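The figures here come from the full heavy-atom set of this structure, side chains too, leaving out hydrogens, waters and symmetry mates. Computed from a predicted model, the values in this text were never measured in an experiment.
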Amino acid sequence: MVKLWIIALSLFVVITFIYWKLTYNYGEKEYGKRMWKQWGTRTYYWHGALLISGAITVALLYLLRWANILTV
């Protein structure tokens, strides 16, 4: 069970990092530098980033367990 949590946490961190690298500049450009410096704007960005990363992590874990690659 500990192995599953380590894999899940690792996947979540990697997916969040990739999402951040792909969308950070777009978010800053979309809102403008002045709005981007406010906490509210970045809070909504990170809320969405963590929600999307969590959903992708759960989907990947489900697919890995369904394909019998990950067994607990």
S.K.: Just to verify, what does Tyr19 make a side-chain contact (heavy atoms from CB on, under 4.5 Å) with, not counting sequence neighbours?
M.R.: Thr23, Tyr45, Ala49, Ile52, Ser53
S.K.: What distance do Tyr31 atom OH and Tyr26 atom OH have between them, rounded to the nearest 0.5 Å?
M.R.: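 Tyr31 OH to Tyr26 OH: 8.5 Å, rounded to 0.5 Å.
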S.K.: Is Arg34 close enough and on-axis enough to Trp36, meaning under 6.0 Å and within 45°, for cation-pi?
M.R.: no
S.K.: CG/Leu50 to CD1/Ile15 distance, rounded to the nearest 0.5 angstrom?
M.R.: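 Here the rounded value is 12.0 Å.
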S.K.: Would you kindly confirm whether Leu9 and Val14 end up in one hydrophobic cluster when ILVMFWY residues are joined by side chain heavy atoms under 4.5 Å apart?
M.R.: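 Each belongs to a different hydrophobic cluster.
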S.K.: Indicate every side-chain donor-acceptor pair of residues 64-72 with a distance under 3.5 Å to a residue at least two apart or in another chain.
M.R.:
none

S.K.: Leu61 vs Ile7, test: side-chain contact (heavy atoms from CB on, under 4.5 Å). Steps then yes/no.
M.R.: CA-CA 9 Å; Leu61 287 174; Ile7 292 170; 4.2 Å; yes
S.K.: Is there a path of hydrophobic side-chain contacts, each under 4.5 Å between heavy atoms of I, L, V, M, F, W or Y residues, that connects Leu60 with Val13?
M.R.: no
S.K.: Give the minimum heavy-atom separation between Glu28 and Lys33, together with the two atoms involved.
M.R.: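 Looking at all heavy atoms of both residues, the shortest contact is OE2-NZ, 3.3 Å.
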S.K.: Give the cluster check for Tyr62 versus Met1: same hydrophobic cluster or not, with ILVMFWY residues linked at side-chain heavy-atom distances below 4.5 Å.
M.R.: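 No, Tyr62 does not connect to Met1 through the hydrophobic network.
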